[in-house]
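Structure first, then comments.
As the structure is a prediction and not an experimental result, all values here were calculated from the model. Worth knowing before you read on, the calculation uses all heavy atoms, side chains too, and leaves out hydrogens, waters and symmetry mates.
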Amino acid sequence: MADRATRTLVLGGVRSGKSAYGESLLRAHRQIRYLATGPVTTSDAEWTARVNTHRQRRDDRYTTIETTELADALRAAPDIPALVDDLGSWLTARIDAVDGWDSGSEIDLDADVADLCDALQTMNADVVLISSEVGLSLVPPTPAGRLFQDLLGTLNAAVAQACDRVSLVVAGRVLDLPRDAVADDTSGATVAATAPAPHHAMTAPVVTPAPVTHGHVVEPTPVTTAGELPDPTDAEVFEPVTPPSEAIAFEARERQATLTKPPGSLGRLEEIGVWISACQGQCPPAPITSPSVVVFAGDHGVARGGVSAFPPEVTAQMVANISAGGAAVNVMAARVGASVTVVDMSVDADTAPHLSTFKVRRSSEDLRTTDAITLAEARAALAAGRAIADRLIDSGSDLLIAGEMGIGNTTPATVLIGALTRREPVEIVGRGTGVDDHGWMRKTAAIRDGMRRARKVVHDPLALLAAVGGADLTATAGFLAQAALRRTPVILDGVVITAAAMVANELAPGAMRWWIAGHRSVEPAHRIALDHLDLEPVLDLSMRLGEGSGAVLALPVVQSAADILISMATFAEAGVTDRDDSAVPEPAPESS
C-alpha cells in the first residue's frame, strides 16, 4: 500500500492559511492523527489563542498527539493518515535538545532530518506536513534567528525531496510547485532514502481565502503514480450493473410516509431521498459528506472550424484557472464542501505533470473528416476514466460529479446525441458558448458531417467514441459507467456530460439508474438526451457553462433529500398526531 500513499509538504507564511489547507487535503479520510509539535501549555495568551483556533477547526475524526518525536510517531501508525503541524516547532525542539541556540555551538541535525525523511517513506497512508517558508523573509538580525532560518530552510528542502507534492500557500492562494522547482541542493542535509517518483495528484489545489476557517475544498488522494497507468486491455468490457435496491427504496417510501409532514408535501425531494437510500442500500441513508467533482479536459480538432465563440487556446487557459481555483465550479464547490479535480485528457498544450497523468494525446482530430482518436486511444481514455472513479471511491468519495472543459466540445457531444437518438442536426444544435448565426450554421454543418460518419458505428460504443467523441468524452463515459458498477451515485451536468452518459449506458446497460440529472441546459440536445435516459433534472436555471457547475448547484438539494430521511422526526417520535384516514367518511352510494 505504501506506493499509494501521498506525502505532501505545505509551505506558507504566518496567517497564510497553510494549516487549514493542509487539513483540507485529508478531509476525505475518516480517521486522522494530528501530530502537534508546538507547546500546548504556555503562559503566552496569543499562542494559546492560535492553538484553540486550530482545535476548533478540527472535528472528531482527529486524534491529537502532542509530540516532538515525529519519526517515531509516524512509524507507530503507518496505516493512519497523519497531519504534522508544524516542522518549525519540531526544529525548535531539536535545537533546544542540544542547547544549540548559542551562536558558537556546532549543530548537526542531519541524523534527525534523515530519520524523519526515512519515516515518511514507511507511511502506507497519506501524510501532510506543514512548515513555514523562510526563503521570502528578511535575514534575522540575531544569531539565533539566522540559525533557525538556515536550519529550517535546510529541513524544508530535505523533506520536500522525500515528499510527492509540495504546495506553497501565499495570502490564501495555493500553488502546486513542480518537482523541478524544488531545490536539489539540500545544503548538506542527508536524506536517508532516495525520494520516490512523484505521485501526481489529479488537480492543483483550490483557492481558499485567508485565513481559512470553513468551507474547505477537498483535494482527493492521487489517482495513480506516473508510470502506473491502468491497463487499457478490454477497458470497454463491463460486468453487469447491479441496480439500486428496490427493497430499500420501498422501505424509504414507507419511512417518508411516517415523517411529520403531509404525504408528498416535499414533492420531488422525497423521491430523491428514496433514490439515495436505494443507492446506498440502507434506510435511512448516510449523509453525503465527501462529494467529488472531476473536470475532464480536452481539445477538439473540429473547434478549428469556427464552431465556437472562443478560440481553442482557451481550453488550456481555463484548465489552469480551474487548477488554481478561480473558475465558477471551484466557487460553487467550495460552498458545498466538494472536491474539484481537473484531468487533462487531450488538451492541445503542455499542462503540469499532476494534471496530465492520464493524457492520451494533444487534441483530437477533426470529426468532420476523420476519427477523433484511435481505438487504442479510446481504450486508454476509458481505462483512465474507470481508474479515476475507482480511486475516488476507494478514498471515500460518496457521490461523484463529472464536469468538462474543452472549447468546441458541445459539437462532438451533439453528434453523439444525434446519432444515438436519430435526430436531425438542425433539431439539436444549440449556441454552445454563444456563437452567432454564421457560427451556428458552421456548427450545424459540422454536426451533420459528424453524424454521417457516426452512423456506421452507432451500435459499437467504443468505436463511436473513437470516431466522434474524443479522449475527454471517452474518459467521462468510463468514469460514469464505472461509478455505476461501483454502486456510487452520480449527479450529471449539462449536454456534454449527458452525451457521454448516453454512451456509458450503452457500455454498461442499466448504469443510468445510478445517475440523477443536476440541471437542464439551454442546449436543445440536452433535453433530448435527458428524455433518452428518462432523467428529470433537479434544477432549470437556463445555464450553459459546463465545468460541472449545474450539477454542483444541485448537490445541496440531493444532500437535503438524504438529510430529511435521516433527521426528520416521525409522527411517533415527535408526538404529533398522524392523519386519521379512518375518519374520512365513506362516499354515499349512488341512488338508483
Output the distance between atom [atom1] ([X]) and atom [atom2] ([Y]), rounded to the nearest 0.5 Å.
{"X": "Thr8", "Y": "Asp164", "atom1": "OG1", "atom2": "CG", "answer": "6.5 Å"}
{"X": "Thr341", "Y": "Ile401", "atom1": "OG1", "atom2": "CD1", "answer": "11.5 Å"}
{"X": "Ile393", "Y": "Ile388", "atom1": "CD1", "atom2": "CD1", "answer": "11.5 Å"}
{"X": "Asp460", "Y": "Leu465", "atom1": "CG", "atom2": "CG", "answer": "9.0 Å"}
{"X": "Leu25", "Y": "Ser167", "atom1": "CG", "atom2": "OG", "answer": "6.5 Å"}
{"X": "Glu365", "Y": "Asp371", "atom1": "CD", "atom2": "CG", "answer": "9.5 Å"}

(message) Can you confirm whether the side chains of Thr242 and Arg487 place a donor and an acceptor under 3.5 Å from each other?
(response)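 Yes, because at least one side-chain N or O of Thr242 sits under 3.5 Å from a partner of the opposite role on Arg487.
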Would you find a donor on one side and an acceptor on the other, under 3.5 Å apart, between the side chain of [X] and the backbone of [Y]?
{"X": "His526", "Y": "Ser521", "value": "yes"}
{"X": "Thr498", "Y": "Gly494", "value": "yes"}
{"X": "Ser277", "Y": "Pro284", "value": "no"}
{"X": "Asp348", "Y": "Asp299", "value": "no"}
{"X": "Asp126", "Y": "Thr6", "value": "yes"}
{"X": "Arg7", "Y": "Cys163", "value": "no"}
{"X": "Ser290", "Y": "Asp398", "value": "no"}
{"X": "Asn505", "Y": "Met512", "value": "yes"}
{"X": "Arg268", "Y": "Glu536", "value": "yes"}
{"X": "Arg386", "Y": "Pro230", "value": "no"}

(request) Go through the steps for His519 and Leu553 under the test side-chain contact (heavy atoms from CB on, under 4.5 Å), then give the verdict. (result) CA-CA 8 Å; His519 78 120; Leu553 280 182; over 6 Å; no
Within the structure provided, determine whether [X] and [Y] are in side-chain contact (heavy-atom separation under 4.5 Å).
{"X": "Val360", "Y": "Ser346", "result": "no"}
{"X": "Val552", "Y": "Ile491", "result": "no"}
{"X": "Leu480", "Y": "Ile497", "result": "yes"}
{"X": "Ser292", "Y": "Leu400", "result": "yes"}
{"X": "Trp514", "Y": "Thr488", "result": "no"}
{"X": "Glu236", "Y": "Leu507", "result": "yes"}
{"X": "Glu506", "Y": "His459", "result": "no"}
{"X": "His300", "Y": "Asp472", "result": "yes"}

With the threshold set at 4.0 Å, does a side-chain nitrogen-carboxylate oxygen contact exist between [X] and [Y]?
{"X": "Asp118", "Y": "Arg75", "answer": "yes"}
{"X": "Arg513", "Y": "Glu246", "answer": "yes"}
{"X": "Arg486", "Y": "Asp390", "answer": "yes"}
{"X": "Arg253", "Y": "Glu271", "answer": "yes"}

(message) side-chain contact (heavy atoms from CB on, under 4.5 Å), that's the test. Do Glu404 and Thr476 meet it? Break it down for me.
(response) CA-CA 8 Å; Glu404 43 70 30; Thr476 303; 5.7 Å; no
(request) Given side-chain contact (heavy atoms from CB on, under 4.5 Å), test His354 with Ser323 step by step and report yes or no. (result) CA-CA 10 Å; His354 64 274; Ser323 175; 4.2 Å; yes
(request) Look at atom CG of Asp534 and say whether more than 12 heavy atoms of other residues, nucleotides or ligands are closer to it than 6.0 Å. (result)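 Not buried by this count: 12 neighbours or fewer within 6.0 Å.
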Minimum heavy-atom distance [X]-[Y], with the two atoms named:
{"X": "Ala501", "Y": "Leu533", "value": "CB-CD1, 4.0 Å"}
{"X": "Asp344", "Y": "Lys359", "value": "OD2-NZ, 2.9 Å"}
{"X": "Pro287", "Y": "Asp563", "value": "CB-OD1, 4.2 Å"}
{"X": "Ala252", "Y": "Leu565", "value": "O-CD2, 3.9 Å"}
{"X": "Leu35", "Y": "Ala82", "value": "CD1-CB, 4.4 Å"}
{"X": "Ala235", "Y": "Leu382", "value": "CB-CB, 4.0 Å"}

(message) Is there a side-chain contact (heavy atoms from CB on, under 4.5 Å) between Leu473 and Val468? Walk through the geometry before answering.
(response) CA-CA 9 Å; Leu473 272 74; Val468 296; over 6 Å; no
(message) Check the orientation of Tyr62 and Tyr34. Use parallel for under 30°, tilted for 30 to 60°, and perpendicular for over 60°.
(response)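 Judged by the thresholds at 30° and 60°, the geometry between Tyr62 and Tyr34 is perpendicular.
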(message) Quick check on side-chain contact (heavy atoms from CB on, under 4.5 Å): which of Asn321, Val340, Val293 does Asn330 satisfy it with?
(response)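 Checked Asn321, Val340, Val293 against Asn330; only one passes side-chain contact (heavy atoms from CB on, under 4.5 Å): Val340.
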